[in-house]
Amino acid sequence: MILTKAQYDEIAQCLVSVPPTRQSLRKLKQRFPSQSQATLLSIFSQEYQKHIKRTHAKHHTSEAIESYYQRYLNGVGKNGAAPVLLELANEVDYAPSLMARIILERFLQEHEEAPPSKSVINSMLRDPSQIPDGVLANQVYQCIVNDCCYGPLVDCIKHAIGHEHEVLLRDLLLEKNLSFLDEDQLRAKGYDKTPDFILQVPVGLGQA
């Protein structure tokens, strides 16, 4: 169905008071049953990313990082099986995956001889079993699987959807016998920007 501006604004306003978790997305679907899951997730993600950009800096001050880390340590010290990190992220209104990154980086700084590289942190977030602490690995995993806006799981889903649409577009171009260059061919020709496809012969689209 067509989404009106008023409907978009109503959904966006509803998102102001909910954390970016899959549980919140399910509640959103219950409130707006006429909208598809894909539509709600797209609006959810777009609005929350705006919020994260506005508030990102305050979560990355040295004081905030140390406060989050000590609260994490206190929490898992009382109950390591509880979703301490996820609840902390929701409490301070920050994306769970991004909170997991903050705590993981702080933990590695304390326990490793050299400062952790970005590639190492990304690798551990993609595969928490690499984290040299079982409790933290489980906490990070909980954040990753419950975050519907950020994190490696979301990135994989976006990549899969993008690849699916690219395959559909390729099939359509082949079906219409249109000559085109794909990303690999454009890259081989030295293009600095490589859209999915470029038509080799312009096509005019007329009204039926």
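Please read all numbers here as calculations on a predicted model, not as lab measurements. Quick note: residue numbers are just sequence positions, from 1. Worth knowing before you read on, the calculation uses all heavy atoms, side chains too, and leaves out hydrogens, waters and symmetry mates.
- Between the side chain of Gln35 and the backbone N or O of Leu40 there is no donor-acceptor pair closer than 3.5 Å.
- Taken to the nearest 0.5 Å, the CZ atom of Arg26 stands 9.0 Å off from the CD atom of Gln30.
- With Leu104 as reference, Ile131 is the one residue of Leu85, Val120, Ile131 to meet the side-chain contact (heavy atoms from CB on, under 4.5 Å) rule.
- No side-chain heavy atom of Phe44 sits less than 4.5 Å from a side-chain heavy atom of Gln49.
- Side-chain atoms of His111 and Pro132, non-hydrogen and from C-beta on, never get closer than 4.5 Å to each other.
- Residues satisfying the side-chain hydrogen bond (donor to acceptor under 3.5 Å, both in side chains) test with Glu66, not counting sequence neighbours, are Gln70, Arg106.
- When only modelled atom types and interatomic distance are considered, Asp93 and His51 share a side-chain donor-acceptor pair under 3.5 Å.
- Summarising the geometry, atom CD belonging to Glu112 is positioned 10.5 Å from atom OG belonging to Ser117; distances are rounded to the nearest 0.5 Å.
- Side-chain contact between Gln13 and Glu47 is absent, with no heavy atoms from C-beta onward closer than 4.5 Å.
- The heavy-atom pair separating Cys143 from Ala100 by the smallest distance is CB-CB, 3.9 Å.
- Under a 4.0 Å N-O distance rule, the pair Glu10/Lys5 does not qualify as a salt bridge.
- Residues Pro116 and Met124 fail the side-chain proximity criterion, which asks for heavy atoms closer than 4.5 Å.
- Residue Ile144 holds its CD1 atom at 10.5 Å from CG of Leu86, rounded to the nearest 0.5 Å.
- Nearest approach of Pro128 to Val140, heavy atoms of both residues: CG-CG1, 4.3 Å.
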Checking Lys58 against Glu63 for the salt bridge (charged side-chain N to carboxylate O under 4.0 Å, His left out) test, could you report, in this order, the C-alpha distance in whole Å, the side-chain angles of both residues, the deciding distance, and whether it holds? CA-CA 9 Å; Lys58 76 174 186 178; Glu63 294 81 5; over 6 Å; no
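- One distance of note links CD of Glu105 with CD1 of Ile121; it measures 4.0 Å at 0.5 Å rounding.
- Taken to the nearest 0.5 Å, the CD1 atom of Ile102 stands 14.0 Å off from the OH atom of Tyr72.
- The closest side-chain heavy-atom distance from Met99 to Val92 is below 4.5 Å.
- Side-chain contact check for Tyr150 versus Asp147: some heavy-atom pair is nearer than 4.5 Å.
- The side-chain heavy atoms of Val84 and Gln139, taken from C-beta on, include a pair separated by under 4.5 Å.
- Not counting sequence neighbours, the partners of His56 by the side-chain hydrogen bond (donor to acceptor under 3.5 Å, both in side chains) test are Tyr94.
- Side-chain atoms of Tyr141 never come within 3.5 Å of backbone atoms of Asp127 as a donor-acceptor pair (strictly under, hydrogens ignored).
- In this structure the side chain of Cys14 reaches within 4.5 angstrom of the side chain of Leu28, judged on heavy atoms.
- His59 NE2 to Thr61 OG1: the interatomic distance, rounded to the nearest 0.5 Å, is 9.5 Å.
- Residues passing the side-chain hydrogen bond (donor to acceptor under 3.5 Å, both in side chains) test with Ser36 are Thr39, sequence neighbours excluded.
- Looking at Tyr69 and Gln109, their side chains never bring a donor and an acceptor atom within 3.5 Å of each other.
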